[in-house]
Asker: 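Mind looking over this structure? Questions follow.
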Amino acid sequence: MTLRLRDTLTGAVRPLEPLEPGHVRIYSCGPTVYGPAHIGNFRSFLFADLLVRYLRYRGLRVTWVMNITDVDDKIIRGASEAGVTIAEMATTWLERFQGDATALRMTQPDVLPRATEHIDGMVGLIQTLLDAGHAYRTDDGSIFFRIASWPAYGRLARLDPSQLRTTERVEADEYGKTDARDFALWKGPKPGEPSWDTAIGAGRPGWHIECSAMSMAYLGPSFDIHTGGVDLIFPHHEDEIAQSEAATGEPFVRTWLHCAHLRLGGAKMAKSVGNISRVMDLLEAGVSARALRYALISVHYRQGLEYSEASLDAATAAIERLDALVAGLEAYREEREDAVDLDAVLVAARSGFEAALDDDLNVSAALAAVFAMVRELNRRLADRAISTGNATRALAFLRDLDAVLGILPDQADNPSDDLPAGARELLDAREAARAGRDWSASDRLRDELLAIGVAVEDTRDGQRWRRLEAVR
RNA sequence: GGCGACGUGGUGAAGUGGUUCAACACGGAGGUCUGCAAAACCUCUAUUCACCGGUUCGAAUCCGGUCGUCGCCUCCA
């Protein structure tokens, strides 16, 4: 079985067959660094992360490129208001983005190219389009793509170009075009705006062309997978296809993957709606990063996802269930023969997990396979029906699957490093109190530990602790 | 107005013609274990899949209609 993915362009679910066998090239539309990304943005980044992690888990080589849009209207306006250069503004928010990404355990893309470092590539593409008659200049030095020259325009979004509404904003914004639906490849210079002097004249790049230029620079004229949120289908990705294929004459992307929106209060999470929630704000409010990651990835990527306190609470509880098992497996000691049938449990879990993810990344079904195994392992721990070696292997197996999910607690070399200040002393005191059967002292110390976020549980292997991933 | 997605229990959510088809998680009730807890385990928590009609031996699953929700139609992940 191989991974089958649903391509937005054709609507078909097809097996992934990389252009270069064994090597998958992926481009993801990344953040525009003019402010902090919200968790809706991160849903789409984490969906790409899950894809990349799964492909690597499956033994494929992956080259993952995620662009950084560091020049656009919002950045120019924001930098101007803050009295800094666009490069300074972009760097500030890029660092914030990377901090958020790290907190949410997003895999670091192999390349994070910045638009302003690829002006040459964009100019080259635009020149080619001009030479081929797919693009034209207007009086202000701008260059537009001529949609009428590209009959396939509208296929990705299933839009009929002749039906596109021409809004007032479009007409006002794009004055000078021969057709209101044409889109900007290059914007002529304006006072107060950054401008590059290039072979096609002075000015700055349009938004869409950067993704064509940067994907080609790192992945070639044709590559395997392009991801983004559904809101990028039109016009962004439609425009990318038109300008890329018109310039190279080759098919641009083999498989388009689009992630459905994250909703809050019933509406798409968007800055313009005002219903956004930011990663760092949530983390500072005490939300567990792992629970947030779980909440964002645990629903199929093409399914709309409503974010709420309740969804976060449920995610936190699920995470703690996993944590309790990990703590249980780590602490478990039983000198006995290995249980030979444990392998069957692990094999079943792996095959269920892989079959689910192979089916267009059905993560809900994959998690069901994991939790079925969790219950079985808990049962065997409770019955003391496996050996210490079995427990060690089961834990290693869980961590193997977690290479895809990224939701298990970190593997500390010395678990005590993870304890809050003073907790070690409280744990030692409690152990001593229990040895002396001083239950009131034992209970008091347990409460004190709980208050600093450490849950203590008594087992026949002695007292065992784990950090709580509580909300607030 | 055009195009598209979706509607499954208290909640989130798998399942897209029949062999457990109603997973899994959260929540709730009862029980076991425990010095007490916690965690864990066990039992229960949708004879039913928005509604109506149709196809079929058989439908949550296919077809038609109705209602509802959400998204896209040049800021957008």
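Below, read A as the first sequence line, B as the second, and so on, with proteins coming before strands; counting in each chain starts at 1.
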Asker: Measure from the side-chain heavy atoms of A:Arg263 and tell me the nearest of B:C70, B:U74, B:A77.
Answerer: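 Comparing B:C70, B:U74, B:A77 against the side chain of A:Arg263, the answer is B:C70.
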Asker: Check ring-ring contact (aromatic ring centres under 6.0 Å, His included) between A:Phe47 and all other residues, then give those that pass, not counting sequence neighbours.
Answerer: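 So A:Phe47 forms a ring-ring contact (aromatic ring centres under 6.0 Å, His included) with A:Tyr301.
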Asker: Quick check, are the ring centers of A:Phe45 and A:Phe97 under 6.0 angstrom apart?
Answerer: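 Yes.
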Asker: Looking at A:His208 versus A:His237, is the centre-to-centre ring distance below 6.0 Å?
Answerer: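 No: the rings miss the under 6.0 Å criterion.
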Asker: Determine the Euclidean distance between corresponding C1' atoms of B:C49 and B:G7; express it in Å to zero decimal places.
Answerer: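 My reading of the C1' atoms in B:G7 and B:C49 gives 10 Å.
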Asker: Check this for me: does the side-chain of A:Arg434 come within 3.5 Å of the base of B:G35 through a donor and an acceptor?
Answerer: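 For A:Arg434, whose side chain was compared with the base of B:G35, there is a donor-acceptor pair (under 3.5 Å).
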Asker: Mind checking whether A:Phe353 and A:Tyr54 have parallel, tilted or perpendicular rings, split at 30° and 60°?
Answerer: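 Because their plane-to-plane angle is over 60°, the rings of A:Phe353 and A:Tyr54 count as perpendicular.
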Asker: In dot-bracket form, how is RNA chain B paired, counting a Watson-Crick or G-U wobble pair only if both its distances are under 3.5 Å and using | for bases paired to another strand?
Answerer: ((((((((.[[[..)..(.....]]]((((((.......))))))....[[[[[..)....]]]]])))))))....
Asker: Using heavy atoms and a sub-4.0 Å distance, could you list which residues of residues 31-39 of chain A are near RNA chain B? By number, please.
Answerer: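 Contacts with RNA chain B under 4.0 Å: A:His38.
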Asker: If the C1' atom of B:G65 is compared with that of B:C24, how far apart are they to the nearest Å?
Answerer: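 34 Å, rounded to whole Å.
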Asker: How would you list, by chain and number, every residue that makes a ring-ring contact (aromatic ring centres under 6.0 Å, His included) with A:Trp93, sequence neighbours excluded?
Answerer: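 Residues passing ring-ring contact (aromatic ring centres under 6.0 Å, His included) with A:Trp93: none at all.
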Asker: Ignoring hydrogens and angles, tell me if any N or O in the side chain of A:Glu334 forms a donor-acceptor pair with the backbone of A:Ser387 under 3.5 Å.
Answerer: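 Such a contact is absent between A:Glu334 side chain and A:Ser387 backbone.
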Asker: Listed by chain and number, what are the ring-ring contact (aromatic ring centres under 6.0 Å, His included) partners of A:His38, not counting sequence neighbours?
Answerer: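 Testing A:His38 for ring-ring contact (aromatic ring centres under 6.0 Å, His included), a comparison that skips the adjacent residues, returns none.
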Asker: Pairs under 3.5 angstrom, nitrogen or oxygen only, protein versus nucleotides 24-29 of chain B, please.
Answerer:
unit_1, atom_1, unit_2, atom_2, d
B:C24, OP1, A:Arg375, NH2, 3.1

